[in-house]
There are 2 protein chains.
Amino acid sequence: MQQELKSEITKQLIIDKAFNLFYQNGFKTTSIDKIMKETTLSKGAFYHHYKSKKELGLEVISLKVEKRVVNGMIAPLRQSGNAYQIIKDVFTNRLKEFSINEKQQGCPMNNLINEIGNNEIAYQNALKNIIELWKTALVQIIERGKQEHTIKEEVSSQAVATYLISAFEGIRGIRKLYTNDTVLDEYISGLTFYLNQIKK
Amino acid sequence: MQQELKSEITKQLIIDKAFNLFYQNGFKTTSIDKIMKETTLSKGAFYHHYKSKKELGLEVISLKVEKRVVNGMIAPLRQSGNAYQIIKDVFTNRLKEFSINEKQQGCPMNNLINEIGNNEIAYQNALKNIIELWKTALVQIIERGKQEHTIKEEVSSQAVATYLISAFEGIRGIRKLYTNDTVLDEYISGLTFYLNQIKK
DNA sequence: AATAAAAAATACTAGTTGGTATGTTTATGT
DNA sequence: ACATAAACATACCAACTAGTATTTTTTATT
């Protein structure tokens with residue numbers, strides 16, 4: 001029982017360090033050696049718990065990356081109150097919450113989508129799953145907004161959800177190229193304008 | 001004179017093959033060996049023309065990647081006619097033009113932004129330059145639209161330009177995860193709705 | 001205390017990486 | 001035609017890569 005726990009702790013340690021290194025230096029350029037150096041464990045320990053780098057990558061996506069998106073962008077949508085206002089707040093507040101590092105490094109999910117989203121079907125599906133979770137949650141609150149008469153009935157919930165996610169992920173990438181927040185402010189201004197269109 | 005031309009031809013060959021490999025397999029995982037195998041020239045030839053992979057990368061960005069964006073998204077904006085309609089057409093037509101491969105592989109610029117946009121300042125600036133070109137061209141046509149009364153005066157041209165670019169690049173990444181165009185259709189629907197807001 | 005199995009360490013592949021050193025071939029200017 | 005330099009080829013390097021084989025250490029079961 002204690003052994004099982006130890007195994008779980010070690011795996012979590014590996015996943016945590018791996019996520020950080022993937023985020024800071026990219027997936028492909030992060031080697032198992034570098035990850036295990038961070039954990040102060042050996043390579044033998046890694047291959048005892050994981051059969052390949054790919055298996056680790058998938059766990060990082062489904063545990064760490066997904067959790068980040070859920071905590072930052074999905075869970076906050078499940079609030080009571082004005083649906084329109086919640087959407088607006090979640091999208092703008094999240095951006096303003098980001099640390100300097102998070103602005104420079106972009107979105108972990110988006111980085112992975114663009115770095116390895118076309119290589120492996122397994123990565124593709126794991127990442128797609130996160131996008132689908134996000135989209136579903138957004139569609140849900142937009143529909144709620146329509147019922148509660150804060151959002152226009154004639155808008156396509158799917159279309160708005162997709163457009164919101166696209167623009168958010170897009171700006172997270174573009175911001176990496178800059179050293180100040182001008183481009184983020186412009187995005188927020190553009191977003192506000194957009195949301196005004198769906199407001200009832 | 002003949003020598004200079006030969007050198008130029010060889011460099012172009014290297015750049016072309018490099019761009020294709022970067023696009024299909026990513027920047028980091030494309031080695032000089034792989035590139036030179038494509039050209040049927042030797043590694044010695046490469047290092048005669050380029051001092052490093054970084055130097056090649058920068059040339060690929062400023063020549064091939066930039067040209068792609070200019071041809072596909074910037075030059076078409078410089079048409080006479082209804083500014084609002086031109087913007088709408090350029091954004092939607094470009095998406096529909098893409099081949100299956102281009103949909104699967106995403107946007108070469110966006111891939112690079114997210115793969116190496118945070119590593120090297122040199123890459124950052126080369127990529128930022130393309131974004132700035134695009135933004136400037138968009139701002140220009142939006143301003144024109146305001147003057148010609150096809151676009152509302154009260155919208156911020158900068159904000160709209162940034163939001164349009166963000167969403168476009170974002171969807172190019174997200175599309176990589178799917179095997180059909182549903183998500184692209186939703187994007188176009190969301191875009192159309194957005195543009196309707198700036199229409200006068 | 002003895003046995004077995006899990007957890008982790010050590011040592012090792014074979015292949016790849018960016019880059020260099022040193023050649024050979026081809027063009028050019030005199 | 002000859003010296004010079006550019007264009008390209010060959011052979012190499014040290015560092016790094018994912019993964020394996022083998023041994024040691026720790027934990028659990030009897």
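Chain letters run A, B, ... following the sequence lines, proteins first and then strands; every chain starts at 1. Given the structure is predicted, the values throughout are model-derived calculations rather than measurements.
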Trainee: Looking only at side-chain N and O atoms, does B:Tyr50 offer a donor or acceptor that is under 3.5 Å from a partner on B:Glu59?
Mentor: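 The answer is yes; a qualifying pair exists.
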
Trainee: Side-chain N or O of B:Ser42 less than 4.0 angstrom from OP1 or OP2 on D:dC8?
Mentor: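 For B:Ser42, the contact criterion (side-chain N or O under 4.0 Å from OP1 or OP2 of D:dC8) is not met.
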
Trainee: Please name the pair of heavy atoms, one in A:Lys200 and one in A:Lys152, separated by the smallest distance, quoted to 0.1 Å.
Mentor: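 Closest approach of A:Lys200 to A:Lys152: CB-N, 4.0 Å.
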
Trainee: Considering only NZ, NE, NH1 and NH2 on the basic side and carboxylate oxygens on the acidic side, decide whether B:Lys128 and B:Glu132 come within less than 4.0 Å.
Mentor: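 Here B:Lys128 does not pair with B:Glu132 in a salt bridge, since their nearest N and O are not under 4.0 Å apart.
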
Trainee: Tell me whether the side-chain N/O atoms of A:Lys34 come closer than 4.0 Å to OP1 or OP2 in D:dT17.
Mentor: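 For A:Lys34, the contact criterion (side-chain N or O under 4.0 Å from OP1 or OP2 of D:dT17) is met.
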
Trainee: With a 4.0 Å cut-off, would you call B:Glu38 and B:Lys34 a salt bridge?
Mentor: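 Judged by the 4.0 Å cut-off on N to carboxylate O distance, B:Glu38 and B:Lys34 do not form a salt bridge.
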
Trainee: Can you figure out which of C:dA9, D:dC8, D:dT27 approaches the side chain of B:Lys6 most closely?
Mentor: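 My answer, after comparing the listed nucleotides, is D:dC8.
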
Trainee: With a 4.0 Å cut-off on N to O distance, would you call A:Glu97 and A:Arg94 a salt bridge?
Mentor: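 Salt bridge between A:Glu97 and A:Arg94, a charged N being under 4.0 Å from a carboxylate O: yes.
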
Trainee: Which parts of nucleotides 18-23 of chain D does protein reach within less than 4.0 Å, heavy atoms only, written one letter per nucleotide 5' to 3' as B for base, S for sugar-phosphate only and - for none?
Mentor: BBB---

Trainee: Between A:Arg172 and A:Glu102, is the closest basic N to carboxylate O distance under 4.0 Å?
Mentor: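 No, no charged N to carboxylate O under 4.0 Å.
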
Trainee: Taking only side-chain nitrogens and oxygens of B:His49, does any of them come within less than 4.0 Å of OP1 or OP2 of D:dC8?
Mentor: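 It does, given that an N or O in the side chain of B:His49 lies less than 4.0 Å from OP1 or OP2 of D:dC8.
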
Trainee: Does C:dA8 have its OP1 or OP2 closer than 4.0 Å to a side-chain nitrogen or oxygen of A:His48?
Mentor: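 Indeed not, no polar side-chain atom of A:His48 lies that close.
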
